[in-house]
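All heavy atoms count here, side chains included; hydrogens, waters and symmetry mates do not. To find a chain, count down the sequence lines: A is the first, B the second, and so on, and within it residues start at 1.
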Amino acid sequence: MSLHLHDTLTRSLRRFTPLRPGRVGIYGCGPTVYGRAHIGNFRAFVVYDLLHRYLEWLGYEVRFVVNLTDVDDRIVELAAETGQSIREFAAPHVRSFLADADTLGMRPFDSHPRATEYVPEMTAFVSRLVERGLAYATSDGSVYFRISGFPEYGRLSRIDPDALRPGERVADDKYEKDDIRDFALWKAARPEDEYADAAWESPWGRGRPGWHLECSVMALSEIGDTVDIHLGGEDLVFPHHEDEIAQSEGATGETFARHWVHVKHLLVEGRKMSKSLGNTYTVPQLTERSEPAAIRHLLLSAQYRSELNFTFGGLEASRRAVQRLLDFRDRLARTPTRPAAPPAGIEGLAGEALARFREAMDDDLNTAGALAALFVFVKEANTALDGAAGAISEGDRESAEAALASMDEVLGVLELALAGREVDEPERERIEVLVAKRDLARSRRDFAQADAIRDQLAGEGIVLEDSPDGTRWKHARSRAGSTAAR
RNA sequence: GGCGCCGUGGCCAAGUGGUAAGGCAGAGGACUGCAAAUCCUCGAUCGUCGGUUCGAUUCCGACCGGCGCCUCCA
């Protein structure tokens, strides 16, 4: 199989092929920077990251653009309330978004264009639509897209444009639109827009861009007339992406996006996230209770188009699953190799695991299946290690470590867990002194003292494992998850 | 009302027209001073009722239950 992705336009799985062989241009709708993004937002963004990683893993040269919407009704409103410009207002939210993305192990995207940086391109784009008869200005200086001029409208969301006509009043005096269904490309400036420094000159007077316009222009400017994949949350199908298609294709005459991928919304504790339920958790709120690798694991535990119920119980289960991966990795690293060691069959298992992993990922990024391939490998390789007397061959160890690393290049879970467990020298020495002290107590069969030391370390999240080769210690959770449930 | 999704063991979650991956939790066992880690063993008739079929959890229909979008919310 080769990579197949679900395409919202056709509602079917389609083989992914980029416009230009070997090179992929992707545009993902990013956050509106008016507050701290919550875990639901990050389900979508982690899926972006997953796709980013997987395409690179497959060898594509990827240009991945994720915008930052920094002009928007709410942003203007909130900025004006606090007497700031939208730029000032948005700055901390941009920073927190990037910080949270980093916390969750997202690799940097190639570009984060901001709407405010593309205003000249936007007005030029609107002019183009006006010239083509697809947009018109109203007396107040706003510009609207004429839906009746784009027969394809409604194809993505499968909405019948005629059914969108609410009531009989075609001329809504509030908007003066030709057709109630037409949407704003350019919005005439209001006083608050001026206060918040959110108004620009245009052929239609001062104003600011509409949301849909922003994404089209940034995608076109940063990637080209046709993007290979356009991503978003499922809520964006209508009207946002429908409108993007209408504008973009109306202006360029080219297919705007070859593939539409939409990420299903997340539930929290079985319920839709909402501010009134108080379940719109942010990344910092979650890292207080668990660790980033566990959050990422949980977000990837279900395929992106299926419902995912984010629960604290699930978070703990993910934390333990991640620990199992770490334990396996450590075990491999400390298993001695001997050239003459008989093959333990691990190399073959690693190959099978990678094949199954790839098959699952190729099947519309089936992360649940991919994780299963990984865990089957862990189990089978552990069994093989149990059976290998003391040492394994170089080939077995290298292939196992390579397979593990390779799968994690896509999943990004182990690397996060590892990063959270780095220990500096003084800390390492302190722990090792305690471990040595306990070993001494054990050799005297003073188990009371030995257990006291073990309990003390356990309280810090450090778990000891006695083995014939001595006592090992490990962090059972990352520093970020310092208050994780025991 | 329009469009769409889902209902798989205690929890989460894959999957296939021929009797069901994986993770977490649980029980028993091996190992251990005790643990931890690891391994072995154990557990599901796949929402209900019909239909198609030699055979359905997988296809079709109805019903029940849950959910999403249709409000510039990923």
Side-chain angles (χ1 to χ4, degrees), chain A residues 8 11 28-32 34 37-48 69 72-75 154 157-160 163-164 166 183-184 187 210-212 214-215 231-240 242-243 262-267 270-275 280 297-298 301-303 305-311 313-325 327-328 330-331 356 360 363 366-387 442 445-447 450-451 454-455 458 463-468 471-474 476:
Chain A
T8 307
R11 307 280 162 103
C29 285
T32 300
Y34 68 97
H38 54 63
I39 192 61
N41 298 312
F42 276 106
R43 179 192 193 183
F45 300 139
V46 166
V47 169
Y48 292 11
T69 298
D72 159 88
D73 286 351
R74 250 167 325 171
I75 291 178
S157 54
R158 308 219 166 165
I159 281 173
D160 177 2
L164 281 177
F183 60 89
K187 299 181 169 189
W211 178 41
H212 312 308
E214 298 173 357
C215 278
L231 298 161
E234 60 171 337
D235 56 310
L236 300 182
V237 175
F238 185 88
H240 188 53
E242 196 70 70
D243 291 350
H262 291 98
V263 182
K264 183 127 178 146
H265 277 188
L266 183 71
L267 297 180
R271 315 188 63 175
K272 182 184 175 173
M273 282 192 310
S274 77
K275 296 208 168 76
T280 53
H297 175 93
L298 183 52
S301 65
Q303 200 261 355
R305 281 192 299 122
S306 69
E307 200 165 77
L308 171 62
N309 186 12
F310 194 97
T311 66
L315 197 53
E316 174 61 8
S318 281
R319 207 209 95 232
R320 296 186 192 208
V322 170
Q323 187 64 51
R324 179 168 164 80
L325 257 24
D327 288 344
F328 174 63
D330 289 345
R331 184 178 186 188
R356 280 196 223 116
D363 183 16
N366 182 354
T367 45
L371 282 166
L374 171 58
F375 279 96
V376 165
F377 172 59
V378 170
K379 160 85 129 238
E380 292 176 342
N382 264 323
T383 302
L385 287 169
D386 278 358
R442 286 182 72 218
R445 301 193 69 77
D446 179 357
F447 297 120
D451 291 350
R454 186 168 63 192
D455 289 346
V463 173
L464 303 189
E465 297 177 357
D466 297 323
S467 82
T471 301
R472 299 186 294 270
W473 63 272
K474 69 183 183 191

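- Under the Watson-Crick or G-U wobble criterion, with both distances below 3.5 Å, B:U52 is left unpaired in every strand shown.
- Across B:C31 and B:U16, the matching C1' atoms stand 38 Å from one another, rounded to whole Å.
- Both geometric conditions, a ring-centre gap below 5.5 Å and a plane tilt below 30°, are not fulfilled together for A:F42 over the base of B:A74.
- Across every strand in view, B:G1 sits in a pair with B:C70 that passes the Watson-Crick or G-U test at under 3.5 angstrom.
- Checking the phosphate oxygens (OP1, OP2) of B:G22, no side-chain nitrogen or oxygen of A:R320 falls inside 4.0 Å.
- Between the C1' atoms of B:A62 and B:A27, the separation comes to 41 Å (whole Å).
- Taking 4.5 Å as the limit, some side-chain heavy atom of A:Q323 sits within range of a side-chain heavy atom of A:K474.
- Of all nucleotides present, none satisfies the Watson-Crick or G-U wobble test against B:A25 with each distance under 3.5 Å.
- Look at CG on A:L325: it is 14 Å from P on B:A37, rounded to the nearest Å.
- Atom pair A:D451:CG and B:G33:P shows a separation of 12 Å (rounding to whole Å applied).
- A donor-acceptor contact under 3.5 Å links the side chain of A:R454 to the base of B:C34.
- A donor-acceptor distance shorter than 3.5 angstrom exists from the side chain of A:Y48 to the backbone of A:C29, with no hydrogens or angles considered.
- Relative to the side chain of A:R442, the nucleotides B:C34, B:A37, B:A74 differ in distance, and B:C34 lies closest.
- Of all nucleotides present, only B:C64 satisfies the Watson-Crick or G-U wobble test against B:G7, with each distance under 3.5 Å.
- Between the CZ atom of A:R324 and the P atom of B:A25 there is a distance of 10 Å, rounded to whole Å.
- Within the 3.5 Å criterion, the main-chain N or O of A:L298 finds a donor-acceptor partner in the side chain of A:S301.
- Atom CZ of residue A:F328 and atom NZ of residue A:K379 lie 12.5 Å apart, to the nearest 0.5 angstrom.
- Scanning atom types as modelled, no donor and acceptor separated by under 3.5 angstrom connect the side chain of A:R11 and the base of B:G4.
- A perpendicular orientation is assigned to the rings of A:F375 and A:H297, their planes being inclined by more than 60° (bins at 30° and 60°).
- The separation of B:A20 from B:U8, taken at their C1' atoms, amounts to 8 Å, rounded to a whole angstrom.
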Next on the checklist: Show, in sequence, the C-alpha distance, side-chain angles and deciding distance for A:D386 and A:R331, and conclude whether the salt bridge (Lys or Arg N to Asp or Glu O under 4.0 Å) test is met.
Outcome noted: CA-CA 11 Å; A:D386 278 358; A:R331 184 178 186 188; 2.6 Å; yes
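- Nucleotide B:C73 holds its C1' atom 11 Å from the CG atom of A:D72, rounded to whole Å.
- Rounded to whole Å, the C1' atom of B:U57 lies 23 Å from the corresponding atom of B:C42.
- Across all strands shown, nothing is found opposite B:U57 as a Watson-Crick or G-U wobble partner with both distances under 3.5 Å.
- Between the CD1 atom of A:I159 and the C1' atom of B:C70 there is a distance of 5 Å, rounded to whole Å.
- Comparing B:C73, B:C34, B:C39 by their closest approach to the side chain of A:D386 singles out B:C39.
- Within 4.0 Å (heavy atoms only), A:V376 reaches sugar-phosphate atoms of the nucleic acid but no base atom.
- Rounded to whole Å, the distance from CZ on A:R445 to P on B:U32 is 12 Å.
- If you check B:U38 for Watson-Crick or wobble pairing at under 3.5 angstrom, you find it paired to B:A30.
- Comparing B:A35, B:C24, B:C69 against the side chain of A:A321 picks out B:C24 as the nearest.
- Atom C1' of B:C11 sits at a distance of 28 Å from the matching atom of B:C49, rounded to the whole Å.
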Protein and nucleotides 10-16 of chain B: nitrogen or oxygen contacts under 3.5 angstrom:
from: B:A13; atom 1: OP1; to: A:E307; atom 2: O; distance (Å): 3.2
from: B:A14; atom 1: OP1; to: A:Q303; atom 2: N; distance (Å): 2.9
from: B:A14; atom 1: OP1; to: A:S306; atom 2: OG; distance (Å): 2.8
from: B:A14; atom 1: O3'; to: A:N366; atom 2: ND2; distance (Å): 2.9
from: B:G15; atom 1: OP1; to: A:N366; atom 2: ND2; distance (Å): 3.1

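- Mapped onto RNA chain B by nearest heavy atom, A:R74 and A:F375 fall at different nucleotides, with A:F375 at the one closer to the 5' end.
- A:L236 comes within contact range of the sugar-phosphate backbone alone, with a heavy-atom separation under 4.0 Å but no base atom that close.
- Side-chain N/O atoms of A:K272 include none lying less than 4.0 angstrom from OP1 or OP2 on B:C73.
- A:D73 comes within 4.0 angstrom of a base, heavy atoms only.
- With hydrogens and angles ignored, the 3.5 Å screen pairs no side-chain donor or acceptor of A:T471 with any backbone N or O of A:E465.
- For the C1' atoms, the distance linking B:G10 with B:U32 amounts to 29 Å, nearest Å.
- Residue A:H38 is in base contact, counting any heavy-atom pair closer than 4.0 Å across all strands shown.
- Comparing A:K264 and A:R331 by the nucleotide of RNA chain B that holds the closest heavy atom to each, the one mapping nearer the 5' end is A:K264.
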Checklist entry - Going through the distances and angles, do A:R454 and A:D451 end up as a salt bridge (Lys or Arg N to Asp or Glu O under 4.0 Å)? => result CA-CA 5 Å; A:R454 186 168 63 192; A:D451 291 350; 3.4 Å; yes
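- Contacts of A:D235 with the nucleic acid, taken as non-hydrogen atoms under 4.0 Å apart, include base atoms.
- Remark: the backbone N or O of A:R442 is not paired with any side-chain donor or acceptor of A:R445 at under 3.5 angstrom.
- If you take CZ on A:R271 and OG1 on A:T311, they are separated by 14.5 Å, rounding to the nearest 0.5 Å.
- As rounded to the nearest Å, B:A74 and B:U19 have P atoms that lie 45 Å from one another.
- Judged by ring centres under 5.5 Å apart and planes tilted less than 30 degrees, A:H265 fails to stack against the six-membered base ring of B:G68.
- Atoms CD (A:E465) and P (B:C39) sit 12 Å apart, rounded to a whole Å.
- Judged by distance alone, the side chain of A:E234 and the main-chain N or O of A:H262 form no donor-acceptor pair under 3.5 Å.
- The distance between atom CG of A:L385 and atom P of B:C31, rounded to the nearest whole Å, is 20 Å.
- Among the heavy atoms of the strands, none lies under 4.0 Å from A:V263.
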